[in-house]
**Q** 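Below: one structure in structure tokens.
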Amino acid sequence: MNIKNLNINVVFVVIVAILGVFFIKPNNNDTINVYGTCSKKVNKDRVSIILNVKNLDKDGSIASQKSNKTYNTISQYVAELKKQYPEIEMETTEYNTYEKKEWNQNLKKNETLGIETIIGLEITAPKMEIVSNVLKEVSKLKDVYPNGFRTFVSKATIKQAQAECLDQAVKNAKLNANDIASAAGQKIGKMTNASVYNDVENANSNMGLLRMSANTKMS
């Protein structure tokens, strides 16, 4: 499967509500609102593949043993690969054992096929090449079923982008506040407090929203 490394447009919108007191005149309070904005492009820097290990047997313990054996084989392979690529990660996403049934058209009823054990796991890496090598290796195992690739932005990258964009947006808000204050022949003072509301989850669906409210005073 040929997957392109796509870019995500992550837009951080920082709303800075200047709710504090601006001292235009002694004992005279005014309130203004300004917006600080930042737009940032963040590259998808992680690739992952979902694998399902499935085994079916009349004896549930046998099905479980087979799936666990394959899972351990994959774990050992990933552990060895991690020596070369420390960024590679493996996470168990599912472990389920259930009675598998199938509709028998002749008997007009569900027929029990046996007990199936499924172990789901996700392997992530910084390069498609690494994940492709993993897929090539696990394809030798007859009870492993790949369930597609996905690319996404890592939490570390999102966190760094947030910090940079927040700083830029706050500076932008201060410039806007200065413009308003200058028009009134005044100067802004220090920001007295700030509250930040994050919505990072949407960053993997082309939109990250970062909100900020701040109180400030004019000197």
**Q** For the side chain of N72 and the backbone of N68, is there at least one donor-acceptor N/O pair under 3.5 Å apart?
**A**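 Flag set: sc N72 to bb N68 pair under 3.5 Å.
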**Q** What's the spacing between K69 NZ and Q65 CD if we round to 0.5 Å?
**A**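 One gets 10.0 Å once the value is rounded to the nearest 0.5 Å.
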**Q** Measuring from T112:OG1 to K100:NZ, what's the distance to the nearest 0.5 Å?
**A**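 Separation between the atoms: 12.0 Å.
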**Q** For G60, does its backbone N or O pair with a side-chain atom of S64 as donor and acceptor, under 3.5 Å?
**A**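 No: the side chain of S64 does not pair with the backbone of G60.
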**Q** Report the distance from atom CD1 of I49 to atom CD1 of I130, rounding to the nearest 0.5 Å.
**A** 13.0 Å
**Q** For a quick test of reading the model, state the closest non-hydrogen atom pair linking V131 to A125 and the distance between them.
**A** CG2-CB, 3.9 Å
**Q** Please determine whether the number of non-hydrogen atoms from other residues, nucleotides or ligands lying under 6.0 Å from atom CD of E129 exceeds 12.
**A** no
**Q** Quick check on side-chain contact (heavy atoms from CB on, under 4.5 Å): which of K66, Q76, M90 does Y71 satisfy it with?
**A** M90
**Q** Check N133 against Y77 and note the closest heavy-atom contact, atom names and distance.
**A** O-OH, 3.5 Å
**Q** Could you walk me through whether I74 and L141 pass side-chain contact (heavy atoms from CB on, under 4.5 Å), step by step?
**A** CA-CA 9 Å; I74 297 174; L141 305 171; 3.9 Å; yes
**Q** Examine distances only and state if a side-chain atom of K58 and a backbone atom of L113 form a donor-acceptor pair shorter than 3.5 Å.
**A**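 Checked: pair present.
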**Q** Identify the residue among V144, T70, N147 that makes a side-chain contact (heavy atoms from CB on, under 4.5 Å) with L51.
**A** V144
**Q** If hydrophobic clusters are built by linking Ile, Leu, Val, Met, Phe, Trp and Tyr wherever their side-chain heavy atoms come under 4.5 Å apart, do L56 and I118 end up in the same one?
**A**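 Result: no, two separate clusters.
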**Q** Between E122 and R150, is the salt bridge (charged side-chain N to carboxylate O under 4.0 Å, His left out) condition met? List the steps.
**A** CA-CA 10 Å; E122 182 176 23; R150 75 180 180 101; 2.9 Å; yes
**Q** Minimum heavy-atom separation for P86 to K82, with atom names?
**A** O-NZ, 3.0 Å
**Q** Mind checking the CD-OG1 spacing from E89 to T124? Nearest 0.5 Å is all I need.
**A** 4.5 Å
**Q** State which residue, out of D143, N55, T117, fulfils the side chain to side chain donor-acceptor pair (under 3.5 Å) condition with S67.
**A** N55
**Q** If you compare all heavy atoms of P146 against all heavy atoms of L135, which two are closest, and at what distance to 0.1 Å?
**A**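 Looking at all heavy atoms of both residues, the shortest contact is CG-CD1, 3.4 Å.
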**Q** Just by modelled atom types, is the D59 backbone N or O under 3.5 Å from a matching donor or acceptor in the D57 side chain?
**A**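 Yes.
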**Q** Cluster question for you: counting only ILVMFWY and a side-chain heavy-atom cut-off of under 4.5 Å, with indirect links fine, are I50 and V153 together?
**A**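 No, I50 does not connect to V153 through the hydrophobic network.
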**Q** Treating Ile, Leu, Val, Met, Phe, Trp and Tyr as nodes and any side-chain heavy-atom pair under 4.5 angstrom as an edge, say whether I119 and I115 lie in one connected cluster.
**A**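 Not linked; separate clusters.
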**Q** Should V53 and I62 be regarded as members of a common hydrophobic cluster, given that ILVMFWY residues are connected when their side-chain heavy atoms come within less than 4.5 Å of each other, either directly or indirectly?
**A** no
**Q** Roughly how far, to the nearest 0.5 Å, is CD of E94 from CD of E91?
**A**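 Rounded to the nearest 0.5 Å, the CD-CD separation comes to 12.5 Å.
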**Q** Between W103 and K109, which heavy-atom pair has the shortest distance, and what is it?
**A**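 Shortest heavy-atom separation between W103 and K109 comes out as CZ3-CA, 3.3 Å.
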**Q** Checking R46 against S154: is there a side-chain donor and acceptor pair closer than 3.5 Å?
**A** no
**Q** Would you give the length of the straight line joining atom OG1 of T151 to atom NZ of K44, rounded to the nearest 0.5 angstrom?
**A** 3.5 Å
